[in-house]
Amino acid sequence: PCIVTTVNRYLTVTVEENKDTPDKLATSVLSGKGYMQEIIHFFRKKYQKQEKLTVNITSQLSGLGLGSSAALTVGLVKALDEFWGINLADKDIFDLCLSIVRKRFPLSSGFDLASCLYGGTILFNGKTKKVTGIRSQNLPILAVFTGKKVSTEDYVNKVGLFRGKTPRFVNNLFDDIGSIVLQSKTAMEKDDWAGLGTLMNRNQEGLVKLGVSTEKINMIIEKSQGMG
């Protein structure tokens, strides 16, 4: 399981009918047009839609490692659903988005899609895809950008190789992190922010052992802890 929360940065999608051909696509998301075409093609094929479109996407997320691809996927699918009046349920939108994403990233769990779709702070089970809302209010937490994003796919593959060499060690770490996640949910529900901070520090220790932290992240955390 994992806990994921939204931040106050947004992606906006508008869809209109286009009498000309082909589709007119505009986006501020880096390398976004090709992916937009994939999503539209997938949606058209599944729901037998032919109208040409004018699609515009503006984003405050690009290049920050804040899930811009997931936000684009969910935002565009929801916009197409509304434009064509299909009225998909949230679970159907999630399943559709996950199918699209997994064409590019087969190992995607979908946690970032669920966060974009449901908002607030949620508990997400990567195996069952169950989403449990924890709180809709803002968290008293500051998100700090290191200045450099990393590839989630690369790190997932890195952990997979590590697990293949030391399965017992990595599985134990996974169990510890899973327990920390559930304890963190309880801490949030009780507004126990000091307790949550302690749990987050323990979780970070596990991430370091897994090899998925970076020197810059470790430095920022160390300085933050030094300031109390």
Side-chain angles (χ1 to χ4, degrees), residues 1-11 30 59-71 107-109 111-116 118-126 131-163 165-228:
C2 70
I3 290 174
V4 55
T5 193
T6 50
V7 295
N8 59 342
R9 294 291 183 270
Y10 304 95
L11 180 143
L30 298 176
S59 175
Q60 301 173 327
L61 302 171
S62 298
L64 297 174
L66 291 175
S68 58
S69 294
L107 298 178
S108 174
S109 70
F111 80 92
D112 47 358
L113 299 170
S115 179
C116 295
Y118 294 101
T121 304
I122 61 173
L123 176 71
F124 180 78
N125 187 309
V131 174
T132 304
I134 299 177
R135 57 187 289 136
S136 58
Q137 307 99 314
N138 291 339
L139 301 177
I141 292 176
L142 176 67
V144 179
F145 180 46
T146 65
K148 181 181 179 182
K149 62 179 294 186
V150 297
S151 167
T152 301
E153 185 178 22
D154 288 347
Y155 273 70
V156 169
N157 291 333
K158 180 180 179 180
V159 172
L161 291 173
F162 187 27
R163 190 182 192 185
K165 295 177 181 177
T166 57
R168 181 176 297 180
F169 178 76
V170 172
N171 287 340
N172 285 339
L173 280 176
F174 283 171
D175 289 341
D176 290 343
I177 290 172
S179 175
I180 290 170
V181 166
L182 297 180
Q183 292 176 65
S184 296
K185 175 179 179 290
T186 300
M188 286 183 175
E189 291 170 338
K190 294 180 177 180
D191 289 343
D192 180 9
W193 306 115
L196 178 64
T198 298
L199 290 165
M200 291 177 71
N201 287 335
R202 283 178 51 197
N203 186 73
Q204 176 62 17
E205 291 171 3
L207 298 180
V208 170
K209 292 176 182 178
L210 280 174
V212 296
S213 188
T214 67
E215 185 176 336
K216 193 70 172 288
I217 290 174
N218 297 338
M219 181 193 72
I220 291 172
I221 291 173
E222 183 178 343
K223 286 186 177 294
S224 299
Q225 291 172 334
M227 293 186 291

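Please read these numbers as outputs of a predicted model, since none were measured by experiment. Only this structure's heavy atoms are used, side chains among them; waters, hydrogens and symmetry mates stay out.
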Going by side chain to side chain contact (heavy atoms under 4.5 Å, CB included), name the residues that satisfy it together with [X], two or more places apart in sequence or in a different chain.
X	result
Leu161	none
Asn157	Leu107, Glu153
Ala114	Phe94, Tyr118, Ile122, Phe124, Val131
Ser184	Ile3, Ile180, Leu196, Leu199

Set of residues satisfying side-chain hydrogen bond (donor to acceptor under 3.5 Å, both in side chains) with respect to Thr121, sequence neighbours excluded: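 Listed in chain order: Thr5.
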Can you sort out the partners of Asn172 under side-chain hydrogen bond (donor to acceptor under 3.5 Å, both in side chains), two or more places apart, ordered by chain and number?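 If we apply the side-chain hydrogen bond (donor to acceptor under 3.5 Å, both in side chains) test to Asn172, skipping adjacent residues, there are no hits.
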Atom pairs and distances, donor-acceptor, side-chain atoms in residues 210-221, under 3.5 Å, two or more places apart:
unit_1	atom_1	unit_2	atom_2	d
Ser213	OG	Gln204	NE2	2.8
Ser213	OG	Asn218	OD1	2.7
Thr214	OG1	Ile217	N	3.1
Lys216	NZ	Thr146	O	2.8
Asn218	OD1	Gln204	NE2	3.2
Asn218	ND2	Thr214	O	3.2

Given side chains that start at C-beta, do those of Asn203 and Leu207 come closer than 4.5 Å, heavy atoms only?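 With C-beta onward as the side chain, the pair touches.
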Can you name the closest pair of heavy atoms from [X] and [Y] and give their distance?
X	Y	result
Ala70	Cys116	C-SG, 3.9 Å
Met188	Trp193	CG-CZ3, 4.1 Å
Ala71	Leu11	O-CD2, 3.8 Å

Is Asn138 atom CG crowded by more than 12 heavy atoms from other residues, nucleotides or ligands, each under 6.0 Å away?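 Not more than 12 within 6.0 Å, no.
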Other residues, nucleotides, ligands: >12 heavy atoms within 6.0 Å of Gln137 CD: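 It does: Gln137 CD has more than 12 such atoms within range.
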Full working for side chain to side chain contact (heavy atoms under 4.5 Å, CB included) between Thr132 and Asn125: CA-CA 9 Å; Thr132 304; Asn125 187 309; over 6 Å; no
Which residues pass the salt bridge (Lys or Arg N to Asp or Glu O under 4.0 Å) test with Glu189, sequence neighbours left out?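 Scan of Glu189 (salt bridge (Lys or Arg N to Asp or Glu O under 4.0 Å), adjacent residues dropped) gives Lys185.
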Pairing residues for Asp191 by the salt bridge (Lys or Arg N to Asp or Glu O under 4.0 Å) criterion, not counting sequence neighbours: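 Here the qualifying residues are Arg135.
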Has Gln60 got a side-chain atom pairing as donor or acceptor with Tyr10's backbone, closer than 3.5 angstrom?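 Such a contact is found between Gln60 side chain and Tyr10 backbone.
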If you round to the nearest 0.5 Å, how far is CG of Asn171 from CG of Asp176?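 One finds 11.0 Å between CG of Asp176 and CG of Asn171.
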